[in-house]
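Single-structure report; data block below.
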Amino acid sequence: MADLSGTMIEAHGWVEVATGEQIALPDDTIQRIVYALTTLGITPVIEHINITAVFDAKGNHLWPPK
């Protein structure tokens, strides 16, 4: 049996865009995207963003806020 104690498996969440496509990304990147979207959410720019939803690797809905 292989020793995997030093191996890290990267968890991937996903971003859904207006076309329905899902883009898988590492969870640390997902967190940065949520922060950016939250920041843009207080500006008129958010109306031009093509992202419709963001989920972490566990399937938790992170953005937009409900």
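All figures in this text were calculated on a predicted structure; none of them were measured in a lab.
Listed by first then second residue, pairs satisfying salt bridge (charged side-chain N to carboxylate O under 4.0 Å, His left out) with a partner in residues 13-34 read Asp28-Arg32, not counting sequence neighbours. Sorted pairs that involve residues 50-66 and meet salt bridge (charged side-chain N to carboxylate O under 4.0 Å, His left out), not counting sequence neighbours, are lacking altogether. Annotation: salt bridge (charged side-chain N to carboxylate O under 4.0 Å, His left out) contacts involving residues 37-50, sequence neighbours excluded, are absent. Sorted by first and then second residue, the ring pair (Phe, Tyr, Trp, His ring centres under 6.0 Å) pairs with a member in residues 15-51 form an empty list; sequence neighbours excluded.
With rounding to the nearest 0.5 Å, the separation of CD1 in Ile23 from OG1 in Thr29 is 12.0 Å.
Using a 4.5 Å cut-off on side-chain heavy atoms (C-beta onward), Leu37 and Val34 make no contact.
Residues meeting the ring pair (Phe, Tyr, Trp, His ring centres under 6.0 Å) test with His61, sequence neighbours left out: Phe55.
Tracing side-chain contacts under 4.5 Å through hydrophobic residues (I, L, V, M, F, W, Y), one reaches Val15 starting from Val45; they form part of the same cluster. Under the 4.5 Å side-chain heavy-atom criterion for Ile, Leu, Val, Met, Phe, Trp and Tyr, Trp14 and Ile33 are members of distinct hydrophobic clusters.
Residue Ala53 comes nearest to Pro64 through the heavy atom pair CA-CD, 4.1 Å, listed as atom of the first residue, atom of the second, then distance.
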